[in-house]
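Heads up: numbering here begins at 1 and tracks the sequence.
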Amino acid sequence: YLPAFEQAIAEGKAEIDAIVNNPEAPTFENTIEAMEYSGKTLNTVAGIFYNLMEANTDDQMQAVAEQIAPMMTEFSMYVSLNQDLFQRVKAVYEKRNELGLAQDQMKLLEDNYKGFVRGGANLSDEDKALYSKWSEELSLATLAFGKNVLAATNAYTLHITDSTQLAGLPAYVKTMGAETAAEKGLEGWAYTLDYPSYGPFLKYSTVRELRKDMWTAYNTRAAGGEFDNSEIVKNIVDLRIKIANILGYETYADYALEERMAKNKATVNEFIKNLLEPSMPYAKKD
């Protein structure tokens, strides 16, 4: 994967450079549309890698991801903090109402312009350096968080040797448990926190204490112990606040919600309140 990322990033930078160095005046076609078609190879490589990492990750994939994270952040900054590129986008944006653009073209132009602004294009050079630094740190912290969750997930096994403890489990769940135990060199049945194992066990098992053990283990992964994420979570929150503040937002929620349907914290809090009030009586009853 690493050589593929290196090649794809080099191609992506060359495509961005070609847009920036175009001697013609900025137009929708030679700037906005050209940007839309740039980075295709990188998108393909990243799409394959990150999908596999989410679905079937291991230590090797995690190690590659840690190498790639700074590269991807640097490329992102190469685009979003590229002042010459932003000036071309801004020139097209300022003339948007004179260009006779179709609705989808106007949407693409507006999204590009907002993306640059939200990505720090209007920051001073000093603040751009801080933004880049914090973005890379956030990327690495997020990877470290996921690595700990994976390790904590893999560290837990519910080992059963008494068949009466399989009460309620359908045949296929018992078979799966026996196969997992065999793979781990154990007698009897074994269940893990991987969802294909965890989900059916919690759904069908009628042994309350075992369900409680698995539920607790799943919901406290990386919360204390060898793979504790506590300090990493604090670091992620701190970096998000710094990034939001430097971009002119009071909180990270303000920044994150701006381009989402809810738009602001008040709408989210009202939604939660409206959901909570009718749900609470039934939750208490259960």
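- Nearest heavy atoms, A167 versus V207: CB-CG2, 4.2 Å.
- Here the side chains of M53 and V64 are not in contact, with every heavy-atom distance at 4.5 Å or above.
- Nearest heavy atom pair, residue G12 against residue F75, reads C-CE1, 3.7 Å.
- Between the H159 side chain and the G188 main chain, no donor and acceptor come within less than 3.5 Å of each other.
- Screening residues 137-152 for side chain to side chain donor-acceptor pair (under 3.5 Å), with sequence neighbours left out, gives E66-K147, K133-E137, N148-N229.
- One N or O on the side chain of N219 and one on the backbone of W215 form a donor-acceptor pair closer than 3.5 Å.
- Between the CG atom in L186 and the OG1 atom in T161 there is a gap of 10.0 Å [rounded to 0.5 Å].
- For the pair N245 and Y252, the minimum side-chain heavy-atom distance is 4.5 Å or more.
- Identified under the salt bridge (charged side-chain N to carboxylate O under 4.0 Å, His left out) test for residues 201-215, with sequence neighbours left out: none.
- For the side chain to side chain donor-acceptor pair (under 3.5 Å) condition, the pairs that include at least one residue of residues 95-110, sequence neighbours left out, are K107-D111.
- Inter-residue side-chain proximity for V92 and L109 is flagged as met; some heavy-atom pair is nearer than 4.5 Å.
- Here F271 is tied into one hydrophobic group with L275, each link being a pair of ILVMFWY side chains closer than 4.5 Å.
- Between Y113 and I32 the shortest side-chain heavy-atom distance does not fall below 4.5 Å.
- Taken to the nearest 0.5 Å, the CD1 atom of I246 stands 8.5 Å off from the CD atom of E126.
- Residue L276 is found in a hydrophobic cluster whose other members, listed by chain and number, are M280; membership requires side-chain heavy atoms under 4.5 Å apart, directly or through intermediates.
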Kindly indicate, with the supporting measurements, whether the criterion salt bridge (Lys or Arg N to Asp or Glu O under 4.0 Å) is fulfilled by E258 and R118. CA-CA 10 Å; E258 185 180 50; R118 286 171 54 81; 2.7 Å; yes
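- Within the 4.5 Å cutoff, no side-chain heavy atoms of T192 are placed close to those of T153.
- Considering only heavy atoms from C-beta on, V89 comes within 4.5 Å of M35 through its side chain.
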For a salt bridge (Lys or Arg N to Asp or Glu O under 4.0 Å) check, start with the C-alpha distance between D238 and K234, then their side-chain angles and the critical distance, and finish with the verdict. CA-CA 6 Å; D238 184 51; K234 292 177 185 177; over 6 Å; no
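- In the hydrophobic clustering, where aliphatic and aromatic side chains (Ile, Leu, Val, Met, Phe, Trp, Tyr) are joined below 4.5 Å either directly or transitively, L257 groups with V268, I272.
- Considering all non-hydrogen atoms of both residues, P196 and M176 come closest at O-CE, 3.3 Å.
- The aromatic rings of Y1 and F49 sit perpendicular to each other, their planes meeting at more than 60°, with 30° as the lower class boundary.
- Counted by atom type alone, S197 and D194 present zero donor-acceptor pairs between their side chains at under 3.5 Å.
- By the ring-ring contact (aromatic ring centres under 6.0 Å, His included) test, Y249 is found to be paired with Y255, residues two or more places apart in sequence or in another chain being considered.
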Evaluate the side-chain contact (heavy atoms from CB on, under 4.5 Å) criterion for residues L140 and T73: first the C-alpha distance (whole Å), next the side-chain angles of each, then the deciding distance (0.1 Å), finally the verdict. CA-CA 10 Å; L140 290 171; T73 300; over 6 Å; no
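- Side chain of R88 to main chain of N22: a donor-acceptor pair is present (N/O by atom type, distance under 3.5 Å, no hydrogens or angles).
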Set out, in order, the CA-CA distance, both residues' side-chain angles and the distance that settles side-chain contact (heavy atoms from CB on, under 4.5 Å) for I241 and T251, then state yes or no. CA-CA 6 Å; I241 291 171; T251 69; over 6 Å; no
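- In this structure, CG in N82 is found 6.0 Å from CG in D84, a value given to the nearest 0.5 Å.
- Of all non-hydrogen atoms in A121 and L81, the two that sit nearest each other are N-CD2, 4.2 Å.
- Residues W189 and L169 are not in side-chain contact: their nearest non-hydrogen atoms beyond the backbone lie 4.5 Å or more apart.
- Put simply, CG on L101 and CE on M106 are 5.0 Å apart, with the number rounded to the nearest 0.5 Å.
- With a 4.5 Å cut-off on side-chain heavy atoms, M71 and L2 count as touching.
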Show the numbers, then the answer: is there a side-chain contact (heavy atoms from CB on, under 4.5 Å) between Y204 and K174? CA-CA 11 Å; Y204 296 112; K174 293 178 184 177; over 6 Å; no
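- Sorted by first then second residue, the side chain to side chain donor-acceptor pair (under 3.5 Å) pairs that include residues 4-20, not counting sequence neighbours, are Q7-E11, E11-T41, K13-E74, D17-Y78.
- Considering only residues two or more places apart in sequence or on other chains, Y195 meets the ring-ring contact (aromatic ring centres under 6.0 Å, His included) condition with Y198.
- Residue G47 comes nearest to N51 through the heavy atom pair O-ND2, 2.6 Å, listed as atom of the first residue, atom of the second, then distance.
- For residues 267-284, every residue pair satisfying the side chain to side chain donor-acceptor pair (under 3.5 Å) rule, not counting sequence neighbours, is listed here: N264-T267.
- Here CZ of F28 is found 14.0 Å from OH of Y93. Values are rounded to the nearest 0.5 Å.
- Remark: F201 engages Y191 in a ring-ring contact (aromatic ring centres under 6.0 Å, His included) (not counting sequence neighbours).
- Distance check: L130 CG to D125 CG gives 11.5 Å after rounding to the nearest 0.5 Å.
- In terms of the ring-ring contact (aromatic ring centres under 6.0 Å, His included) criterion, F227 has no residue partners (sequence neighbours excluded).
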